Amino acid sequence: MDIQIVEVSPRDGLQADPADVSTADKVTLIERLVHAGHTRIEVASFVSPKAVPKMADGDAVMDGIAHLRSGPAIFSALALNERGVERAIAAGVDEVTGVVVASETFSQRNQNATIAESIERWKRISGAARAAGLRTSVTIAAAFGCPFEGRVDPAAVVRIAAQLLATQPDELALADTIGVAVPTRVSHLFDEIGRQNVATSDRETPALRGHFHDTRNTALANIAAAIDHGVTIFDTSLGGVGGCPFAPRATGNVATEDVVYLVEEMGHNTGVDLHALIQATSWLEGVLGHSVPSLVARAGGFPVGQAAAD
Ligand code: MG
């Protein structure tokens, strides 16, 4: 089966890393990701530069990768309001992504909006992006748990999903933003949303995507469970960069190379070259000035042609 990897390190990853990465290094990172075979990369966010100074150079990053834009890769950017989507369109992105948070407290603290307000915002963002001929995808954040409210009711997530599916996005993602999900809950929620998806869509059915965090070492198990339930698209971050903001020393985004190793060894196809990823991670550690959580980057891929020493 083909498993599609959406590489989020240039945006979701670097945004949460303590290092300040130059525009030139962001461009080099994206070049290396494309070289490794990535065809979908989240490259920027067009949100308030005051709120997120690390992402203030979105336009410059898009200019820097102009030479890659005639190639096979699709470049996406996050927008959280109309101004953001206008900037994303002007910068030449292929896809606009949005976020709706599944818990009311987290939504108001993180998005400065109620859940209902952020669904309305997404409708305007997605309408503008689609009018410009761009792909759209929307993520339900904290879909499995919230740092303020604890467990999130799956029925509430399904209700939000129904409203978002009505906007006919190309994709709907479920994000385990604080890394609390386990395979049984992942299977259950994707099954429920899948049923909703079929029931709501009068056109082509939007694809479902998983965004898992490795905060409690469950991301790979969750991905394997999601694949068993028909999900074939996953967000991952090179080296696992992008810690969880609510648990400062904990791992956040699952590492791309760990996921590529897992799914390729399971017999699936990602189209991404593991060796090139490991080299890119080594380069990225130099740029960031610290090591990254990926285990496969440290251990390497499956050993080739060497007998066990003992
Ligand atoms: Mg993330």
Side-chain angles (χ1 to χ4, degrees), residues 4-19 21 26 29-30 33 38 40-47 51-52 54-55 58 75-80 95-103 106-107 109-111 118 137-148 152 157 171-182 185-186 189-190 208-223 226 231 233-260 262 277 281 284 288 292-294:
Q4 204 171 70
I5 302 289
V6 179
E7 173 62 46
V8 301
S9 57
R11 203 289 296 175
D12 189 15
L14 295 186
Q15 182 173 322
D17 194 276
V21 177
K26 289 179 183 176
L29 170 61
I30 296 163
L33 295 168
H38 277 296
R40 295 189 59 190
I41 306 174
E42 185 186 42
V43 294
S45 75
F46 291 97
V47 298
V52 190
K54 282 177 192 291
M55 292 290 124
F75 299 111
S76 67
L78 176 71
L80 296 177
E95 175 178 334
V96 172
T97 66
V99 174
V100 171
V101 181
S103 93
F106 197 1
S107 179
R109 293 213 194 181
N110 196 263
Q111 314 289 97
S118 68
S137 74
V138 60
T139 296
I140 303 180
F144 299 91
C146 163
F148 310 108
V152 171
V157 181
E171 275 171 21
L172 173 71
L174 298 183
D176 183 18
T177 308
I178 57 167
V180 290
V182 295
R185 296 188 62 210
V186 167
L189 195 52
F190 270 110
L208 299 182
R209 193 174 84 234
H211 179 113
F212 293 108
H213 280 199
D214 220 9
T215 318
R216 291 171 182 80
N217 216 10
T218 58
L220 291 181
N222 291 337
I223 287 171
V231 180
I233 312 172
F234 297 95
D235 290 347
T236 69
S237 181
L238 186 75
V241 294
C244 176
F246 298 96
R249 285 172 304 281
T251 304
N253 295 314
V254 67
T256 304
E257 49 273 55
D258 294 11
V259 175
V260 167
L262 174 85
L277 289 179
T281 294
L284 184 58
L288 299 177
V292 296
S294 165

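In this text the structure is predicted, and so the values were computed from the model without any measurement. We count ligands from 1, going down the list as the structure has it; atoms in each ligand are counted the same way. Residue numbers start at 1 and run along the sequence shown.
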**Request:** Starting from the C-alpha separation in whole Å, work towards a yes-or-no answer on side chain to side chain contact (heavy atoms under 4.5 Å, CB included) for Phe106 and Thr177.
**Result:** CA-CA 11 Å; Phe106 197 1; Thr177 308; 4.2 Å; yes
**Request:** Flag Asn253 as yes if one of its N/O/S atoms falls below 2.8 Å of the Mg ion (ligand 1), otherwise no.
**Result:** yes
**Prompt:** With respect to the Mg ion (ligand 1), what is the nearest N, O or S atom of His211?
**Reply:** NE2
**Asked** With the Mg ion (ligand 1) as the point of reference, which N/O/S atom of Asp12 is the closest?
**Response** OD2
**Request:** Supply the atom-to-atom distance Ser137 OG to Arg40 CZ, rounded to the nearest 0.5 angstrom.
**Result:** 6.5 Å
**Check: His211/Asp176 side-chain N/O donor and acceptor closer than 3.5 Å** = no
**Prompt:** Do Leu29 and Val21 pass the side chain to side chain contact (heavy atoms under 4.5 Å, CB included) test, and can you show the C-alpha distance, the side-chain angles, and the key distance before you say yes or no?
**Reply:** CA-CA 10 Å; Leu29 170 61; Val21 177; over 6 Å; no
